Amino acid sequence: MKNTTTERRNERGSKNIPTTDSTPPTDFIRQVIEEDLKTNRYGGRVHTRFPPEPNGYLHIGHAKAICIDFGIAEDYGGLCNLRFDDTNPIKEESEYVEAIKEDVRWLGFDWGDREFYASDYFEQLYEYAVQLIKKGKAYVCDLSPDEIREYRGTITERGKDSPYRNRSIEENLDLFERMRAGEFEEGSHVLRAKIDMTHPNLLMRDPIMYRIIHATHHRTGDKWCIYPTYDFAHGQSDSIEGITHSLCSLEFEVHRPLYDWYLDALEIYHPQQIEFARLNLSHTVLRKRRLRPLVEEGYVSGWDDPRMPTLSGLRRRGCPPEAIRDFCNRTGIAKSDNLVDISLLEYCVRQDLNKRAPRVMAVLNPLRVVIDNYPEDKVEELDADNNPEDPSMGTRKIPFSRVIYIEREDFMEDPPKKYFRLAPGREVRLKHAYYITCVDVVKDERTGEVIELHCTYDPESRGGWAPDGRKVRGTLHWVSAIHSLEAEVRLYDHLFVKADPEDVEEGSDFKAALNPNSLETLTSCRVEPSLAGAAPGSRYQFLRKGYFCVDPDSTDGKLVFNRTVSLRDTWAKIQKAQKNS
RNA sequence: UGGGCGGUGGCCAAGCGGUAAGGCACGGGCCUUUGGAGCCUGUAUGCGUAGGUUCAAAUCCUACCCGCCCAGCCA
């Protein structure tokens, strides 16, 4: 019996969730849903919704919520609505609506024609409010904001009734109508639910349902000057849409009794709210209130700065949406506070890109190498595979000539143990090309800096194999000097040096943990000629260096790359270990 | 302090009374024309603490400790 639900989930779930884990997710939300399905609580329906407020850009924390909301609906053959919770005209803008839609689509989810807005329900919500007034369950209160706070009491002291609590139904109806008509100033009146000013849950102490805001709404314009609060709009919006499972984050747990109260008082369809812990990611911040100052105070270049955990930032960084979904699925759904290590995200990105990104050679910090015994004017076109993980991606030709560039860090005059790369007298392989041996080192007379290497090559080793079977330890990437293209490469590191930037001493704020070296720009990189004309957004693996993505800042004359994530670097670990011992 | 949640290895997270899954990270090894990828392998006598119930407890009971959320006319 249990198998049927599990199998159904496997069929649908695995389609869009490219997790390599073989075990199907068995989180507590799905358990509740399977129970509801079994008892036929909602007639076999599963209908969720993703309800963003259009007041900022989506980040990876939202991505997790999206994966849960859309993912669960999909798993059970249900639907997921996209609903904008636009009840506060002061903060919301259409610009954000568009950006949010783009991000959700980019992640790979489809809400069909079910694009809704809380503002679609303003008239209905107003009717609901009138109903509650007529039932004697809501009243217009003239207390000032300060007074309301005072009357509410505190966490340990009970509140006291507003002097306006017992107005007649007729008076309340009249006042509420006049609120709508625009007769009053902001803050002068408010509509409140009549619940219990001594309730231990502060949200039940006569919460505000409507407030006066004389502002233009991004969709309803100037039609309204009273707006429902989130608390009064959210549960009823879910009800109107026939949502079965209203999934949200933990902080709304204490709101649930209030939503239930409204729904019961109104005697309307009742969805089930289920709360889960929001995602926290190490070395970054995931709250709009934290992200916004980074943008507005210029710590980053914008919401789509590749260091930002926003979906637009991750997209520009080169992070594939599939990797983000894989990551979200791997972090699990639970109710405990968490701080997921960003290395898991990096792992998911590498995992995805390893299979799909074409390999290419790029030298980030070029060191000139002259191959003394290679003919001056000779140029060879060598074969290189585009992705050893996937032969179907084919091969390409790369030019080889007498003068090449290699990575500066791939040569050491006095190499430590376990250093497999080039050194005086040592032979290494140039990937796809020849074995070369370093015969001379040219230095700047004044600074002592190595400025050029002279090598010889073994003509017999074309393609990277020596006919006598001798082995070399190191294989280097390289580009032909005259054929290579100049490029700018932007290297990114964690935005914050601390795993939890919020965890700072008093008097200091999260920005104190900002990583001063989160961006390093390299301007004289050399990349292989096949990259000419690469489109913004295209992703590559720079052999031995990492995954890179063409930035929109690229021009016809100069490519700009963002490093999405480096390759795992065993040599760096060995070096670290050597230093420590 | 009132109310609501939560506490399983460094980080996530299964577990639902029958004797601690899995992933990331980390360590060891194999393999390799990317020090990449891949493959093999190691790591909780222990589940916030202390008692109790039971043949048997991470799972049930009791008390305590710690963390998070709520006092916006934000969402």
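Computed from a prediction, not measured in an experiment: that's the story for all the values here. Computed from heavy atoms alone, side chains included, the values below leave out hydrogens, waters and symmetry copies. Below, chains carry the letters A, B, ... as their sequence lines are ordered, and counting in each starts from 1.
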For A:Ile29 and A:Ile333 the tightest heavy-atom approach is CD1-CG2, 3.7 Å

Testing B:U1, B:A14, B:U34 for proximity to the side chain of A:Thr156, the answer is B:U1

Q. A:Phe122 and A:Tyr227: ring-ring contact (aromatic ring centres under 6.0 Å, His included), yes or no, with the steps?
A. CA-CA 8 Å; A:Phe122 280 174; A:Tyr227 293 91; 5.7 Å; yes

Exercise. Would you say the side chains of A:Ser188 and A:Glu185 form a donor-acceptor pair under 3.5 Å?
Worked result: no

Does A:Arg568 have a side-chain nitrogen or oxygen under 4.0 Å from the phosphate oxygens OP1 or OP2 of B:U34? no

Against the side chain of A:Glu389, the closest entry in B:A14, B:C68, B:A37 is B:A37

| request: Scan side-chain atoms only and decide if A:Asp231 and A:Tyr259 contain a donor-acceptor pair under the 3.5 Å cut-off. | output: yes

(Q) Considering every strand and a 4.0 Å limit on heavy-atom distances, what is the contact class for A:Tyr419: base, sugar-phosphate, or nothing? (A) base

Winner on side-chain proximity to A:Asp85, out of B:A75, B:G27, B:G3, is B:A75

Applying side-chain hydrogen bond (donor to acceptor under 3.5 Å, both in side chains) to A:Arg539 and not counting sequence neighbours gives none

### Touch class at under 4.0 angstrom, heavy-atom based, for A:Arg359 against every strand present
base

- Query: With the threshold set at 4.0 Å, does a side-chain nitrogen-carboxylate oxygen contact exist between A:Arg278 and A:Glu251?
  - Reply: yes

From the candidates B:G6, B:G35, B:G4, the one with an atom nearest any side-chain atom of A:Arg544 is B:G35

Per atom distances to the A:Asn88 side chain, the nearest of B:C74, B:C73, B:C5 is B:C74

Any A:Thr229 side-chain N or O less than 4.0 Å from OP1/OP2 of B:A75: no

RNA chain B in dot-bracket form (Watson-Crick or G-U pairs under 3.5 Å, [ ] crossing, | inter-strand) is .(((((((.[[[..)..(...]]].(((((.......))))).....[[[[[..)....]]]]])))))).....

